[in-house]
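Bear in mind the structure is a predicted one, so any value in this text is a computation, not a measurement.
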Amino acid sequence: MGIQKPSHTLAKIHLKALHTNRFHILFALSFTVFINTLSFAQDRPGSGIPITPKPETATQQADNDSIPDSEEVLIIDEKILDSTITDSTKQKKGLLEGIVSYKAKDYTSFNQKDEKLYLYNEAEIIYQDMQINAGTIVIDYSKNEVYAGRIKDSLGEYTQRPIFKQGESIIEPDSIRFNLDSEKALIWNSRTEQNGGTIIAELTKKENDSVFFIRNGKFTTSKNLDDPEYYFLLRKAKIVPDKKVVTGLTNLFIYDVPTPIGMPFAYFPLTKKQTSGVIFPSFGEQNERGYFLQNGGYYFAISDYFDLATLGDYYTNGSYGFRLESKYNKRYNFSGNFGFRYENIINSERGFPDYSKNTIYNLRWSHVQDAKANPSSRFSASVNLGSSQYYQESVNQVNAASYLNNTLSSSVSYSKTFKGEPQVNTSVTATHSQNTQTQEINMTLPTFQGSVGRIYPFAPSDGTKKGIIKNINFQYNLRGENRIRTTDTLFFKKEMFDEAKIGLKHSIPLSTNFKVFKHFSVTAGSNFEENWTFKSFERSYDPLEEEVVITENNGFDAYRTYNFNTSVGTTIYGLFNFDKNNEGKSIQAIRHVMRPSVSYNINPSFDKYYDTYEVIDADGTTLDEVEYSRFQNTLYGAPNKTYRSSVGFDLSNNLEAKVRDRDTTQVEAKKIIILNNLNFSTSYNLAGDSLRWDPVRVTGGTQIFNNKMNINFGAILDPYALDNNNKKIDKFNVNNGGSLFRMTSANLTMGYSFSSDGKGDDTSDSSRNETLQSGGRDDDLFGRSQDFADDQFNAYDEDDDEEDEEETPGKLYNFSIPWNVRLAYAVNYSNNARQNEISSHSLMFSGDLEIAPRWTIGASSGYDFKNNGFSYTQLRFQRDLLSWKMNFSWIPFSARTSWNFFIGIKSNILQDIKYEKRRQPDDRL
């Protein structure tokens, strides 16, 4: 329904009554005169300053108005048609620039004398971009003002709180007074949501769309607005929606109890876009380095696609560190993150014997290209490099979960595909592998690979390839590398590139396949290789120095090799069906799949690439003649010198079972895996003089407990015996008084993840990603990051729906205790030289237990059964305080003994309101 200039032909009026009398007719005629008078009243300019009645007065006016009985309510048709007025006289512009639409559920009542319109029950009014929904609305046409308030229900409770919407701003007050001309408003007891926070104000004055003034307001991020667990009292404040809140004296209240935490003035940023700003640091004390500030800095919101956070640490003994963290994302193209961490650590004080200064750094970069961006080319990066001891010596809590990392690895690659027949694939990759214990670094800068798709020269035009001739195919592969091997101290120095090895390998594999006797698949092939190098090494013996002299020859050199291979294999299925009529049996069938294969390989001898030098004494007497190849110590090494003709035997097994499902509604049986794989492999050297049989390698794996536990095992079985010096001899072990095989090594690993809800692993994605980027495991068995203050890797999510805290009657205890556990077990056995020992034996575990609603404890640790001791251990305590969070992390022993306590607000807009106390690990001799 809308207020418009109605035509002199009045809209229809319906009388809702069982009979018509004189009173009804007179009332209808009076209402007709009022409607026509109202159309001219809107053309009068208003005068004077509007005076708004008190909410109680307006409500009383609505209550004192004459209201017909329920069966005699006058209902106006909501579709008041605005007919065109054909008048040549120029009309004066009205006070209202738009149409005011309104409606109500119970009634709409006009007071002609006061020029007011009353709407009652689920009332609504819309004017331009303003909309008000309330229990009761009063429109004063003489002042062009609107009042909206609540109404009482049958129990005497106020309901239908007004909802004021203008643009994207939404306010929920107890009552509101709004001027349609100036668009100013007075709002009582309003609730306004502002970008994750809520402002509850006793009185709000709306100046315009962009400025509000409030008195006695509360600013909070609590979900419970009726009884917020905390808020900041804003005695007087100015609000610029979606931008900021500026207030005078303010202090923190916790459950309506004032705290001494306050400021003479405050500024709360409010924005839906990322904005630049200060990142407040955490503070603490350390015995070795004094007081410190950590992870403080500045955040730069550079653009919608790219940002940068600069963070720094400072210790009063002079130690310092800084971090650069950046994320970028362009939808449908690429995304990634970049991080650089640097620490200058000073131990003790200058002049003391234990004074030391150490510089460590770490560089991380991850880049992922969207598959839709370019189907023919792809660029990706995963970089984690730096000081080998960075994670072990870093004093920043962010790196707590990466303390046990033993390797750092990186890979940056670009690949390009050229469509056509044949297809050409190229890629350029730079790799890096670093052992943090030995500080040895291996890099390829870069590796180039190119390949031409398979070509079938004898394939028919119809595409069907059958037989040995039609399946003949070949392709071309090229691989070039610049391989560097260095140490941590020479990383990216000139000496690092002195021992670089450069080479290229060309290979042309030729193969075919066909079937014999319908069930046997035969594969035959040959491979030709040509290796290029740009540096070779000649050797000679110096009798005066009594040492071998190596002469480096810079220049192009090459050698060529080839080999031949063939194999025959088949698949054997064994199926055993149990009695289907016997419903008591849970196992219905067992299937065994075996894939045996026999292969034959010939590797010729390329002794033409070998030379000799003589070992002579000072008198010129030849003591020995040593054979060598000038290609030794080159990138791809020397060619094979020993002729080898061998037969290989392989057998793979798979064992599955069909069992009756416990769910009686399921018709089909459920398939379970007994053995996912069980493989045996060995070979026999036909050209060998002794020790012709290679050891038998056994590998296997399976999953049990609904695929929640992974089990993998392996062993090496050697058929030959050892002599008294523990050296292998050409005599079978069974003929030497032993068993058929001698187990030289074995290993067993198991991983199990389970929880109370049956879903298994419950590690947060943020914590997992941080650990993976640092080169660690994809679980929290080494612990979790303690970056509580920055809130980058925290398990809490402020967007999660808050649980209902109201206890139901009779709920006196937590009968359901959520929990999750992750286990990793590993054991290795060595008996290569009769040592018969367990070389390593450990169990790692991690888990979390919710001992009470919002109370969680967790631990990550392990036990070394060989050395009888616990490994790196972390204990965690977490408390969800609704709008707040509290964390306590403790490493009770080891060189990293420390603890970290944190309490702060979850919301991003107030995350700098926090308290953190730490005890960091001290250096130990």
Side-chain angles (χ1 to χ4, degrees), residues 167-170 193-197 221 241-244 269-279 297-311 323-341 362-385 398 409-419 423 425-431 446 761 763-776 778 785 787 790-801 906-911:
E168 296 182 358
S169 179
I170 301 177
E193 194 278 331
Q194 290 288 337
N195 308 109
T221 59
D242 296 332
K243 290 187 178 180
K244 59 186 176 180
L270 301 174
T271 178
K272 293 182 178 179
K273 297 181 179 180
Q274 56 180 4
T275 57
S276 302
V278 176
I279 301 175
Y298 198 84
Y299 176 81
F300 297 92
I302 300 175
S303 70
D304 292 338
Y305 310 101
F306 174 71
D307 67 357
L308 176 65
T310 59
L311 305 170
R323 293 164 51 200
L324 300 177
E325 302 287 348
S326 176
K327 294 182 180 180
Y328 57 89
N329 188 352
K330 188 174 182 181
R331 184 175 295 181
Y332 307 125
N333 284 274
F334 55 80
S335 64
N337 58 76
F338 173 84
F340 179 74
R341 303 175 180 180
N362 179 257
L363 174 66
R364 300 193 310 179
W365 178 33
S366 177
H367 180 92
V368 178
Q369 177 180 313
D370 195 301
K372 302 175 184 178
N374 193 335
S376 62
S377 65
R378 184 172 183 84
F379 177 79
S380 64
S382 177
V383 177
N384 182 27
L385 60 85
V398 174
S409 60
S410 307
S411 175
V412 180
S413 64
Y414 172 78
S415 60
K416 176 71 175 178
T417 300
F418 299 92
K419 300 293 183 180
Q423 180 175 286
N425 301 310
T426 60
S427 68
V428 179
T429 306
T431 62
D761 194 357
T763 308
S764 64
D765 291 336
S766 56
S767 177
R768 188 195 309 270
N769 292 337
E770 165 63 14
T771 306
L772 285 175
Q773 290 179 10
S774 301
D778 62 347
S785 173
D787 189 23
D790 285 355
D791 201 26
Q792 294 180 7
F793 321 114
N794 192 45
Y796 291 111
D797 187 355
E798 65 169 316
D799 296 329
D800 290 342
D801 294 332
K906 292 183 187 178
S907 175
N908 289 330
I909 62 176
L910 297 177
Q911 66 176 354

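The distance between the ring centers of Phe338 and His367 does not fall below 6.0 angstrom.
In this structure, Asn384 CG and Ser366 OG are separated by 10.5 Å, a value rounded to the nearest 0.5 Å. To the nearest 0.5 Å, atoms OH (Tyr299) and CG (Leu308) are separated by 9.0 Å. To the nearest 0.5 Å, atoms CZ (Arg378) and OG (Ser413) are separated by 8.5 Å. To the nearest 0.5 Å, the span separating CD on Glu325 from CG on Leu311 amounts to 7.0 Å. Taking CG of Asn425 as the reference point, atom NZ of Lys416 lies at 11.5 Å (rounded to 0.5 Å). Between the OG1 atom in Thr417 and the CD atom in Gln423 there is a gap of 5.5 Å [rounded to 0.5 Å].
By the 4.5 Å heavy-atom criterion applied to side chains, Thr426 and Phe418 are counted as neighbours. Looking at heavy atoms from C-beta onward, Lys906 lies out of side-chain contact with Thr221 at the 4.5 angstrom threshold. The side-chain heavy atoms of Leu324 and Thr310, taken from C-beta on, include a pair separated by under 4.5 Å. Looking at Tyr328 and Tyr305, their side chains never come closer than 4.5 Å, going by heavy atoms from C-beta outward.
With hydrogens and angles ignored, the 3.5 Å screen pairs no side-chain donor or acceptor of Ser377 with any backbone N or O of Ser415. Put simply, the side chain of Thr431 never gets that close to the backbone of Ser411: no donor and acceptor are under 3.5 Å apart. Of the possible donor and acceptor atoms, none in the side chain of Ser380 sits under 3.5 Å from a partner among the backbone N and O of Val368.
Considering all non-hydrogen atoms of both residues, Asn333 and Ala373 come closest at O-CB, 3.7 Å. Of all heavy-atom pairs spanning Asn337 and Lys327, the tightest one is CB-CG, 4.0 Å. The two residues Arg364 and Asn362 have their closest heavy-atom pair at CG-OD1, 3.1 Å.
Counting non-hydrogen atoms of other residues, nucleotides and ligands closer than 6.0 Å to OH of Tyr298 gives a total above 12.
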